[in-house]
Every structure is written in structure tokens, then in C-alpha cells.
Number of protein chains: 2
Amino acid sequence: MAAPRTATDDGARPSGGRAAATVRGTAAAPSRAATAGAAGRRQRERSDATVEDLLAAARALFAADGYAATSLDAVCDRAGVTKGALYHHFSGKQQLFAAVYAREQDLLNARISAAYREVADDPWEAVYEGSRAYLEASLDPGVQRITLLDAPGALGWEAMHELGVNCRELTLRGVERAIRRGAIAPRAAEPLASMLYGGLSESAMAVVRSEDPETALAESLAGLRLMFDALAGKD
Amino acid sequence: MAAPRTATDDGARPSGGRAAATVRGTAAAPSRAATAGAAGRRQRERSDATVEDLLAAARALFAADGYAATSLDAVCDRAGVTKGALYHHFSGKQQLFAAVYAREQDLLNARISAAYREVADDPWEAVYEGSRAYLEASLDPGVQRITLLDAPGALGWEAMHELGVNCRELTLRGVERAIRRGAIAPRAAEPLASMLYGGLSESAMAVVRSEDPETALAESLAGLRLMFDALAGKD
DNA sequence: GAACATACATACCGTAGGTATGTCTATGTC
DNA sequence: GACATAGACATACCTACGGTATGTATGTTC
């Protein structure tokens, strides 16, 4: 049975990664935390550096060899630390992978959001551009290996979607906005978002495995264009 | 590094499963094989029964606990045999899972094909019915665990699609036929098939995890209906 | 019925995830 | 500024599990 995580055992939760990056930016901290933050600087920095090394090593090996074929010893070797350090910052292999996955999702989100926001006037066209960005970003073999091939089995569907705002949720929001503004016909947004997100994920894998990825990508984008136009009522 | 499989070591390949089922049906066999087939009947039957037990046990455990959490010892215990028997018929855990996956795909194919063929006149409507059948069949948690969550990571994308005719290929053929017969606008069939197959897979997982799967399924089908109509030019 | 192949069972090995413990250094406290 | 404490690791070890090597009994063939 899968080891259940209680709500209280987050003491071993890694301070590095996404959470630390956002929390550390806040200068307005309470008195005790402020002094502790200044005094605990060197230890904190060293810790963060170790977490960073571990995440970088893990990301490289997970991307190259996959989740199952990557040993924690190999990760530690590459990071230049021992398993003691790894297990001090992460509760196990699964959580290490979850942290790597969350980072990957953040990078994807950034690219998608940037493309999405570039189209300010047309909400449906914005979803198209976001979808295009997601498809193109997912062509990277490392991204595919981590987010599309290994994550579902290693983390499970629920955990995948609970690790922060993911690409599927971005798609959902975009679809909802397009419906609200009348860019496409009224409908339940969830199903369309699932179809788009899942379809683009599968497309990315098919494109890379194609004997001619260049034209396969072009055809996928053309097909996406046709689908978006059809859903918008343009013929 | 992942153990590389040479092209010559298929001596341990299981005679059971799909391959045997199709090969055994051919009555027109060469002389030596014909006599050997008749004389070797009892051993063959025992062997097939063992393979069947192993596949049934593996399917049950893989479906319930997932690929990684299922130990071969547990499979053997449930099947009532030892690891010697398992490794006599399968080259390892991955191939055992591959056999289970292939069976699952066959069952899905049967359901999809049946729904597809029920609509003889309208090729695009046939694709819809096939898609509907695939979505509904993929609501089963065991099917999801095996074919959607674990298979990509355990087998890899290529191996998944080389294990016989799968649902994605069925979708592709249906789309190609619909295009040939002018049911939808001309386009490259591959991208649309990928979008449909991947989208339906993701939809199935989202539907099951929804707080109200009943209405989620209804909404997904309604959304699918809208998409199919839009692609067919019906507004 | 002898030679052989098939179909297993048993015993064993190596790897890798996980744990328990020791140690060193930074940090807060008096 | 000595001391207690806790964080940040390193080291050694345990164990489960995938895989292998070998033994054996039951068909199967000539």
C-alpha cells in the first residue's frame, strides 16, 4: 500500500524549490523571523544550495533515464552528496520526483502564460497560443519523460494535479474565459480543457516519435488551428 | 542502464496471450507442426493454463496496486506458482506487464470496434461512437491504472504503440475514413487522431476523479458531441 | 525405453530504497 | 564566551524485490 502522508509530517518537506523561492522574497517578516532570517543565513544558504544540487541532478537523470531506472545513489553521486543529505531534505524518491515535476510544471506554466498573455484581445486565440506554446515546450524529450511518461505512474493523477497550478488548469481557465466572453459556444469548460490538455500531450509525444518531426509539428498545429476555428464557428 | 534486449533472445517469449490465440487457430500447419500440435496437447494445455493464471493474477494486482507496487512474488502467490514458472513464460516483470497491457488493449479494441461498426452509414458518427465507447470503457479504475497511468512509464510510448493495434490506431483509421468520404474537411489525420485519443484518455481520468462522475461523463459526452459537430461543419 | 525437451520448483545473488545512528557545524542562550 | 540545541549532513546497515542458476519431475519423440 502507498505510504500515506499525514498532514503533520511536513517537517521533512524541502524548503527549496518553488515554495522557498516565493516565500523568501517577502522582506516584511515578523520580528523573530527577521532576526532568525538574518542570523540563519549561512546555514540556510548551504541548505538551499544542497537542495538545488539534488534537484538539478535528479532532473537530469530522471529526464535521461526515467524514474524507475534512476537510482538515488546515482542522484547523490551527481549532486556530490550522500543519501543522508537527500533524505534530510526529501522524504523519499517519490517526493524528490514530485519536486522535480513541480519545477517542470512551473517552467511550462511560465511559457504558456507568456504566450497566452500576448494575445490580449481575443480570448479564444489566446487559448490557441497557449496550447501552441504547451505543445512546443512538450517536444523536449526530458519534459516528456518527466511530465508525460513517468509522472502519472509515479505520482498518480491526483497528486499530479495537486502539485500547484498545472497546464491543465491553465487551459481550463482560458477556456472558461473564452466561454464567458462568447468567443466559443457555451458549454461545460472542464471537458473541453481535458480534451485539449490530453490531446496536446499525446500530440507532443507523437510528433517527436514521427519520422519527420518538423512536418508533424506543422501538421499538428494546422490541425489545432482547424479545430479552434471550428469550435469558434469559423468555417 | 536499462538492460538492452537483443533480437535473438526471444526464446523465452510467452506462447500464451494474443499471439498464441491467433496462431493456434490456423489449421493449415506444416506436417511436423501438425503432428507436434496434436501430440503435445496435454503439456500445451497445462502451459497455457499457467500463463492464464499468471496473467489473471498480474492483471488483478497491477490494476489494484499499480505496476511499481506489485511484486512478482505476490503475483506468483496469487497465481499459485513460483517464480520459476513466471520466468519460464515471461522474460521479466516488464514483459509480464506488456502481456497484461496487450490483453487490455484487445478488450478495449473489441468494445470500440463493436461500437464503431454499429454506425455503418455515417463514418464520422462512427468515430464518435467509437470514441464514446473508448471513453466509457476507460472509466474502469483498473483499465486506467494499467493503460493510462502505468503503461507509458513502464513500457515507453513506442512499445505501447507497437503492442498490436491499439485504440489510437483505431481512431486514426476512423478519422482517415471519415476524411476520405468527405464527412469532415480534408486534413492530416494523424494530428486529429492524437488529439482525440489523448483527449479522451485524459477525460476518462478526469471524469472518474470528479466529485460527480455521472454528470461529468454526461458533460464530457456533450462536449465531445459539440466538437464532432463543429468539425463536421454542423452549427 | 532411452534420449530429450518442457515446465516448473528451490535456492541464491545483487541492487536499490529506506533507516538508524554518529558527527560536525551553525545558532540561540545565559 | 561557554554551553545547549538543532540543523545538516555522512556512514553503516537492513530488507524487499527483480533476476538468475540449478535441480527435478513430467511429458514427448524416436
Side-chain angles (χ1 to χ4, degrees), chain A residues 1-3 9 11-16 31-54 58 61 65-77 79-97 154, chain B residues 1-3 5 9 11-16 31-54 58 61-62 65-77 79-97 154:
Chain A
M1 49 193 90
D9 73 348
R13 211 162 177 185
S15 58
S31 58
R32 202 177 61 109
T35 55
R41 197 61 191 280
R42 305 218 58 109
Q43 194 168 98
R44 185 78 171 269
E45 278 177 1
R46 186 186 170 200
S47 183
D48 286 352
T50 301
V51 170
E52 176 57 39
D53 291 344
L54 280 169
L61 293 177
D65 305 330
Y67 177 72
T70 297
S71 75
L72 295 184
D73 286 328
V75 172
C76 292
D77 279 358
V81 297
T82 63
K83 286 170 73 169
L86 192 155
Y87 275 91
H88 179 72
H89 292 288
F90 300 94
S91 66
K93 190 181 186 182
Q94 188 173 343
Q95 203 203 2
L96 174 65
F97 182 78
Chain B
M1 47 192 87
R5 304 225 59 98
D9 73 347
R13 210 160 177 188
S15 58
S31 59
R32 204 177 61 107
T35 55
R41 197 57 191 279
R42 303 216 61 105
Q43 194 167 101
R44 187 77 169 269
E45 277 177 3
R46 185 185 171 200
S47 181
D48 286 353
T50 301
V51 170
E52 177 56 40
D53 290 344
L54 281 169
L61 293 176
F62 283 147
D65 306 330
Y67 178 72
T70 296
S71 74
L72 295 184
D73 287 328
V75 173
C76 292
D77 279 357
V81 297
T82 63
K83 288 169 73 169
L86 193 155
Y87 275 92
H88 179 72
H89 292 287
F90 301 94
S91 67
K93 190 181 186 183
Q94 188 174 343
Q95 203 204 359
L96 174 64
F97 181 79

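Naming convention: chains lettered A, B, ... in sequence-line order (proteins, then strands); numbering from 1 in each chain. Please read all numbers here as calculations on a predicted model, not as lab measurements.
Within the 4.5 Å cutoff, the side chain of A:D53 has no heavy atoms near those of the A:V81 side chain. Counting only heavy atoms from C-beta outward, the side chains of A:E52 and A:D48 never approach each other to under 4.5 Å.
To the nearest 0.5 Å, the span separating NE2 on A:H89 from CG on A:L54 amounts to 7.0 Å. In this structure, CZ on B:F62 lies 6.0 Å from NZ on B:K93, to the nearest 0.5 angstrom. Here the straight-line distance linking atom OG1 of A:T82 with atom CG of A:D77 works out to 10.0 Å at 0.5 Å rounding.
Rounding to whole angstrom units, CZ of residue B:F90 and P of D:dG19 are separated by 13 Å. Residue B:D77 contributes atom CG, which lies 15 Å from atom C1' of D:dG18 at whole-angstrom precision. Straight-line distance from the OH atom of B:Y67 to the P atom of D:dG18: 8 Å, rounded to whole Å. For the pair B:D73 CG and D:dA16 C1', the computed distance is 9 Å after rounding to whole Å. Between B:L72 atom CG and D:dT20 atom P there is a gap of 11 Å when expressed in whole angstrom units. Computed from coordinates, the B:Q94 CD to D:dG18 C1' distance equals 12 Å when rounded to whole Å. Here the P atom of nucleotide C:dG17 and the CG atom of A:L96 are 10 Å apart, to the nearest Å. For the pair A:R44 CZ and C:dT25 C1', the interatomic distance rounds to 18 Å; values are reported in whole Å.
Between A:T50 and A:A85, the shortest heavy-atom distance links the atoms CG2-CB, 4.3 Å.
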Could you pull out the protein-nucleic contacts involving nucleotides 8-11 of chain C (nitrogen or oxygen on both sides, under 3.5 Å)?
residue: C:dC8; atom: OP1; partner: B:T50; partner atom: OG1; Å: 2.9
residue: C:dC8; atom: OP2; partner: B:T50; partner atom: OG1; Å: 2.9
residue: C:dC8; atom: OP2; partner: B:H89; partner atom: NE2; Å: 3.2
residue: C:dA9; atom: OP2; partner: B:T82; partner atom: N; Å: 2.7
residue: C:dA9; atom: OP2; partner: B:T82; partner atom: OG1; Å: 2.6
residue: C:dA9; atom: O5'; partner: B:T82; partner atom: OG1; Å: 3.3

